[in-house]
Amino acid sequence: MEALCGVNFEAKKGEFVIIAGPSGSGKSTLLNLLGLLDTPTDGRIVIDGVDVSTLRESRRTRLRNEKIGFVFQFFNLMPELNLIENVMLPGLIYGTNKEKLRREAAELLRMIGLDGQMKQGGSQLSGGQMQRAAVARALINQPSIVLADEPTGNLDSKNTEEIIELMRKLNKRNKQTFLIVTHAPEMFGQADKTIFLKDGTIERISS
Ligand SMILES: Nc1ncnc2c1ncn2[C@@H]1O[C@H](COP(=O)(O)OP(=O)(O)OP(=O)(O)O)[C@@H](O)[C@H]1O
Ligand SMILES: [Mg+2]
């Protein structure tokens, strides 16, 4: 059985796109394909004019590090690292100069109001703080695309609104393209475009 079939859409640079649909409709599968974590058996994925579905694994990995930032539902902060180190991590993996990274991570943490907690361990933060940190971490390599899979799935409505506002602010400021899987009704009003999936295919797109 195919998890996705007949899914055809375009996201423009700087667009804030919501992906919605019932459980099992293929949202995470779609995001994993877009994030080059998975390869389609058929069809094409084009990022900045390059068909990425046929690239060798080494190039896919480089593109993933260079162009894509991920935000997950379960934050995935490393408990043995403090907050600023967590935010720096994708940059360290990418091989960016450590001092430059530290400055950029500090700047991001200031922007999201967590500069007071920089030295704190990941586990000493609240859920909302952890998710804000996870958004900062997704942005450290200045990706052109940010993918988020139910980023507010574990947050109460106040923190949900804060995360949405934060992502929208960053999206407008940095002109990065956001594709966000969500069930949060608060999110829908913010979208430039909403893609509704059902049974592995696009039911409709509203903008
Ligand atoms: N790599 C894969 N190959 C084939 N089928 C898959 C694969 N990954 C997931 N599936 C199936 O595809 C369907 C869509 O799964 P997916 O995880 O994308 O749903 P979802 O919309 O993210 O659901 P939820 O809201 O529960 O997270 C499911 O029936 C799942 O069992
Ligand atoms: Mg999912």
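Counting convention: from 1, in listed order, for ligands and their atoms alike. When a residue number appears, it is its place in the shown sequence, counting from 1.
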Note to self: Which residue in the set Ile47, Val146, Leu63 passes side chain to side chain contact (heavy atoms under 4.5 Å, CB included) when paired with Ile68?
What the structure shows: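 Only one of Ile47, Val146, Leu63 forms a side chain to side chain contact (heavy atoms under 4.5 Å, CB included) with Ile68, namely Ile47.
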Next item on the list: Evaluate the 4.0 Å heavy atom contact test for atom 14 (C) of ligand 1: does a protein atom fall under the cut-off?
Entry: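 It does; a protein heavy atom is within 4.0 Å.
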Check: Less than 4.0 Å between a side-chain N and a carboxylate O, is that true for Glu186 and Lys158?
Finding: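 Glu186 and Lys158: not salt-bridged.
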So if I count the atoms of ligand 1 from 1 in the order they appear, which ones are less than 4.0 Å from some heavy atom of [X]?
| X | answer |
| --- | --- |
| Thr29 | 8 (N), 9 (C), 14 (C), 15 (O), 16 (P), 18 (O) |
| Glu150 | 25 (O), 27 (O) |
| Ser28 | 17 (O), 18 (O), 20 (P), 22 (O), 27 (O) |
| Pro22 | 21 (O) |

Check: Just wondering, are more than 12 heavy atoms of other shown residues or ligands nearer than 6.0 Å to CG in Asn8?
Finding: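 Open: at most 12 neighbouring heavy atoms sit under 6.0 Å from CG of Asn8.
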Next item on the list: Answer yes or no: does an N/O atom from Gly24 fall short of 3.5 Å to an N/O atom of ligand 1?
Entry: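 Between Gly24 and ligand 1 (N or O atoms, distance only) the closest approach is under 3.5 Å.
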Note to self: Can a side-chain donor-acceptor contact be found between Arg168 and Asn171 if the only test is distance below 3.5 angstrom?
What the structure shows: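 The criterion, which ignores hydrogens and geometry beyond distance, is satisfied for Arg168 and Asn171.
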Margin query: So, 4.0 Å and heavy atoms of Gly21: is ligand 1 close enough to count as a contact?
Written below: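 Judged by the 4.0 Å heavy-atom criterion, Gly21 does not count as contacting ligand 1.
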Item checked: Test item: Asp42 and Glu2 side chains (from C-beta on) under 4.5 Å apart, heavy atoms ->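 Not in contact.
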